[in-house]
Protein chains: 2
Amino acid sequence: MNTKFITDDHEQLARFAKALGHPVRVYIMELLSTQTCCFSGDLAEDLPIARSTLSQHLKELKSAGLIQGTIEYPKIRYCINRENWERAKELFGHLLQSTPVTDNQCK
Amino acid sequence: MNTKFITDDHEQLARFAKALGHPVRVYIMELLSTQTCCFSGDLAEDLPIARSTLSQHLKELKSAGLIQGTIEYPKIRYCINRENWERAKELFGHLLQSTPVTDNQCK
DNA sequence: TTCTTATTTCGCAAAAATACGAAACATAAT
DNA sequence: ATTATGTTTCGTATTTTTGCGAAATAAGAA
């Protein structure tokens, strides 16, 4: 409980991870990361959940900064937020690519 | 709601992501990914949370398969579960490294 | 055997996530 | 002005997560 062990990067990474912590949201991000964009209705046809539920998942991804929506009436086009996606890439990459030492080197 | 849009990989990635969806757990995994192992008590000294709370975070990481503990009385040595960590690396890597096309290619 | 140590489990409470259907919204078409 | 369309917000219920302190546990030391 000393100075500050949990950094802003830890917090940010946790926020991104939490947003990815549901299969539906993983599915959406995967789709968006290959296809650049999509409409809520198209997703709704694929996924076995209510549209209102899907909308909430989109809202979460949006509030985590991973996607953004632009209105194209009567639809809404959802795309990846590239800047933050890059940031997520960096943070996850840093965490996952760190190479654990051979073994048994506890402090 | 057709055949199966959400795959086992989506589920697995979501499970890993969810486990990483808390700053304390990110901190722990970062520590373990550089330092190979640690004891619950050492973490407890660093982190501003009750020991029982820390224990629950460790339990969650364990049940997500990201870490494992071996008893060394009176302590417990926690290490990364390398096999699953590799799996997480693959899954996250695949998702994050996919290159979105230039723009505007909705279906 | 009794004490000590490191950690976990238990019991609880508060907050957040998940999900649904109904209703609301904003615009474009009629 | 009314209707149609795609999506979101609202209200609600259920489940899960987060957090704490107190009690339990398990083994080694005294």
Side-chain angles (χ1 to χ4, degrees), chain A residues 1 5-6 10-29 31-32 37-79 106-107, chain B residues 1 5-6 10-29 31-32 37-79 106-107:
Chain A
M1 90 145 81
F5 282 82
I6 304 293
H10 292 134
E11 307 259 15
Q12 182 60 73
L13 183 45
R15 225 169 294 134
F16 286 146
K18 194 169 194 175
L20 290 174
H22 190 289
V24 164
R25 297 196 292 267
V26 170
Y27 173 83
I28 294 170
M29 291 312 294
L31 192 71
L32 286 181
C37 58
C38 69
F39 299 105
S40 178
D42 299 333
L43 291 169
E45 281 168 36
D46 295 351
L47 298 168
I49 58 175
R51 274 154 201 271
S52 57
T53 305
L54 172 59
S55 193
Q56 286 204 170
H57 284 305
L58 290 168
K59 189 177 170 185
E60 280 208 45
L61 288 172
K62 203 160 37 176
S63 81
L66 292 179
I67 64 172
Q68 56 203 136
T70 60
I71 300 172
E72 274 181 36
Y73 268 100
K75 298 185 177 182
I76 295 180
R77 178 192 299 270
Y78 280 105
C79 311
C106 291
K107 78 166 186 182
Chain B
M1 88 147 78
F5 282 83
I6 304 292
H10 293 132
E11 306 261 14
Q12 181 60 73
L13 182 45
R15 225 170 295 134
F16 286 147
K18 194 168 191 174
L20 291 173
H22 190 289
V24 164
R25 297 197 292 266
V26 170
Y27 173 83
I28 294 171
M29 290 312 296
L31 192 72
L32 286 181
C37 58
C38 68
F39 299 105
S40 178
D42 298 333
L43 292 169
E45 281 169 35
D46 295 350
L47 297 168
I49 56 175
R51 275 153 201 271
S52 57
T53 305
L54 171 59
S55 193
Q56 286 204 169
H57 285 304
L58 290 167
K59 190 177 171 185
E60 279 205 47
L61 288 172
K62 202 160 38 177
S63 80
L66 291 179
I67 65 173
Q68 56 204 135
T70 60
I71 300 172
E72 272 181 39
Y73 267 99
K75 297 185 179 184
I76 295 182
R77 177 192 301 268
Y78 281 105
C79 311
C106 291
K107 79 166 184 182

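We name chains A, B, ... by the order of the sequence lines, and we start the count at 1 in each one. Computed from a predicted model, the values in this text were never measured in an experiment.
- If you take NZ of A:Lys75 and C1' of D:dT5, they are 10 Å apart, rounded to a whole angstrom.
- Between A:Tyr27 and B:His10, the angle of the ring planes goes over 60°, which puts this pair in the perpendicular group of the 30/60° scheme.
- Contacts between residues 56-68 of chain B and DNA chain D, counted as heavy-atom distances below 4.0 Å, involve B:Gln56, B:His57, B:Glu60.
- For B:Tyr78 and C:dA6, the OH to P distance is 15 Å, given to the nearest whole Å.
- Put simply, B:Arg25 has a side-chain N or O that comes within less than 4.0 Å of OP1 or OP2 on D:dT18.
- Both A:Leu54 and A:Ile71 lie near DNA chain C, and the one whose nearest nucleotide falls closer to the 5' end is A:Leu54.
- Here the P atom of nucleotide D:dA23 and the CZ atom of B:Arg51 are 18 Å apart, to the nearest Å.
- With D:dT7, C:dA19, C:dT27 as the choices, the nucleotide that has an atom nearest any side-chain atom of A:His22 turns out to be C:dA19.
- At whole-Å resolution of the value, CG in B:Leu47 and C1' in C:dT7 are 15 Å apart.
- Here D:dT7 presents its P atom at 8 Å from CZ of A:Phe39, a figure rounded to the nearest Å.
- The shortest distance between side-chain heavy atoms of B:Leu31 and B:Leu43 falls below 4.5 Å.
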Does the side chain to side chain contact (heavy atoms under 4.5 Å, CB included) test come out yes or no for A:Glu72 and A:Phe39, once each step is laid out? CA-CA 10 Å; A:Glu72 274 181 36; A:Phe39 299 105; 4.2 Å; yes
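- Rounded to whole angstrom, the span from the CG atom of B:Asp42 across to the C1' atom of C:dT7 amounts to 12 Å.
- Residue B:Ser40 is in sugar-phosphate contact alone, with no base atom involved, counting any heavy-atom pair closer than 4.0 Å across all strands shown.
- Between A:Leu58 and A:Ile28 there is a side-chain heavy-atom pair separated by less than 4.5 Å.
- Side chain of B:Thr53, nearest nucleotide from C:dT5, D:dG19, C:dC20: D:dG19.
- Remark: B:Arg25 CZ to A:Ile6 CD1 distance equals 11.0 Å, nearest 0.5 Å.
- Annotation: side chain of A:His57 is in contact with side chain of A:Ile49 (closest heavy-atom distance under 4.5 Å).
- Of the candidate nucleotides D:dT8, D:dC20, C:dT8, D:dT8 has the atom lying nearest to any side-chain atom of A:Ser55.
- In this structure, CD1 of B:Ile6 is placed 14 Å from C1' of C:dT18, rounded to the nearest angstrom.
- Between the side chain of B:Ser52 and the base of D:dG21 there is at least one donor-acceptor pair of N/O atoms closer than 3.5 Å.
- Proximity of A:Glu11 to B:Val26: side-chain heavy atoms (C-beta onward) are nowhere separated by under 4.5 Å.
- The interatomic distance linking B:Ile49 (CD1) with D:dG21 (P) rounds to 12 Å, in whole Å.
- Mapping A:Lys18 and A:Tyr73 onto DNA chain C by nearest heavy atom places A:Lys18 closer to the 5' end of the strand.
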